[in-house]
Amino acid sequence: MSSSNMKIITVVGSGLIGRSWSMVFISGGYSVKIYDNQPGQAVNAIKEIRKQLEELEGAHMLRGELKATEQLALLSSCDDMAQALEGAFFVQECVFEQLEVKQSVFQDLERLVGKDVILSSSTSCLVPSDVFSKVQNRSRCLVSHPVNPPYYVKLVELVPHPETAASVMDTTHALMTKVGQAPVRLRKEIDGFALNRVQAAIIAESWRLVQDGIISVKDIDLVMSEGLGMRYAFIGPMETIHLNAPEGMEDYMKRYGVGITRVLTSFGPVPDFCGEGSKSIVNEMCELIPNDRQNLLARTERRDQLLMALAKLKKDH
Ligand code: NAD
């Protein structure tokens, strides 16, 4: 497909993630057609996006080269799926995280698009082999897993189906880079992909430390936000260890490998996150931040403001 044909992207599903993807793609100059099977939902998404783009422009945080009005002019909604797909070279699916719903959406999509059109899923917890099991030509299918909120957190995990063509991974990698995301490739599918596997390890050990009475909920969160997290916004665990010994990674492991192995072998079993023992942890968290809508929304807004400032800092360095 020539690049002159690669201008239109269809976003299927216009919830939180569909709206975010749309904003990211129009910021890169692509035309985006949004389809949602709930009548009126896609139109509402456009209204919401308009509001957000205007706020971002006001805060000098709009992404890309185009003004908010120019980006909005690239955006449209269609209540008809076939119409929404017309002319698209790339489809980003963002419907509910339910296997049967996704499988049927991809069956519909395959019927309605040409064989070269890339079919990409936003799924966070399902593996490509399951999501695309009802698609005939799976070489053009992959998962492009974003991190919430994708407008500020740029990572996208590209996860292939066993049959995904290398060119499909390459085209998607180039597209994500062009729109300012930070794509990474997984060479094979795996449950949880990379980000959620690492996150699960962190959650599990944090949970165990609180459950075993070693540390409070408040303090384990500070271990991340004031400790590990300070570095991790800029360098990952591999570079961290490479820089933490005079002669780099090998030296680090000679010095500290035995200690790390000892600690790792003392880790407890997978916690029961919903059992009786979890109640006191949940209560401790809710004392810090009550779990009513208002409090949670206020903290989410604070998180997004801080992420916005961090995204700006990263852009400037
Ligand atoms: P959401 O519930 O906010 O939105 C889903 C949208 O899909 C709704 O507007 C719904 O009307 C629409 N929809 C449902 N079935 C449809 C169909 N058959 N055809 C067209 N539209 C349909 O969900 P979300 O949080 O935006 O998540 C979407 C996807 O993104 C999920 O797979 C989720 O796992 C993934 N994801 C979510 C996050 C997150 O933090 N929310 C992060 C990364 C990935």
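Since this is a predicted model, take the numbers as computed values, not measurements. In listed order, ligands and their atoms are each counted from 1.
Note on residues 244-262: pairs passing side-chain hydrogen bond (donor to acceptor under 3.5 Å, both in side chains), not counting sequence neighbours, are D251-R255.
K51 meets the salt bridge (charged side-chain N to carboxylate O under 4.0 Å, His left out) test with no other residue; sequence neighbours excluded.
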Given side chain to side chain contact (heavy atoms under 4.5 Å, CB included), test D316 with L313 step by step and report yes or no. CA-CA 5 Å; D316 296 343; L313 182 68; 5.7 Å; no
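Counting side-chain heavy-atom gaps under 4.5 Å among Ile, Leu, Val, Met, Phe, Trp and Tyr, L222 is found in no cluster with other residues.
Surrounding NE2 of H242 are at most 12 heavy atoms belonging to other residues, nucleotides or ligands under 6.0 Å away. The environment of K314 atom NZ is dense: over 12 non-hydrogen atoms of other residues, nucleotides or ligands sit within 6.0 angstrom.
Closer than 4.0 angstrom to ligand 1 by heavy atom are V12, G13, S14, G15, L16, I17, Y35, D36, N37, Q38, Q41, C94, V95, F96, E97, V101, K102, V105, S122, T123, S124, H145, P146, N148, sorted by chain and number.
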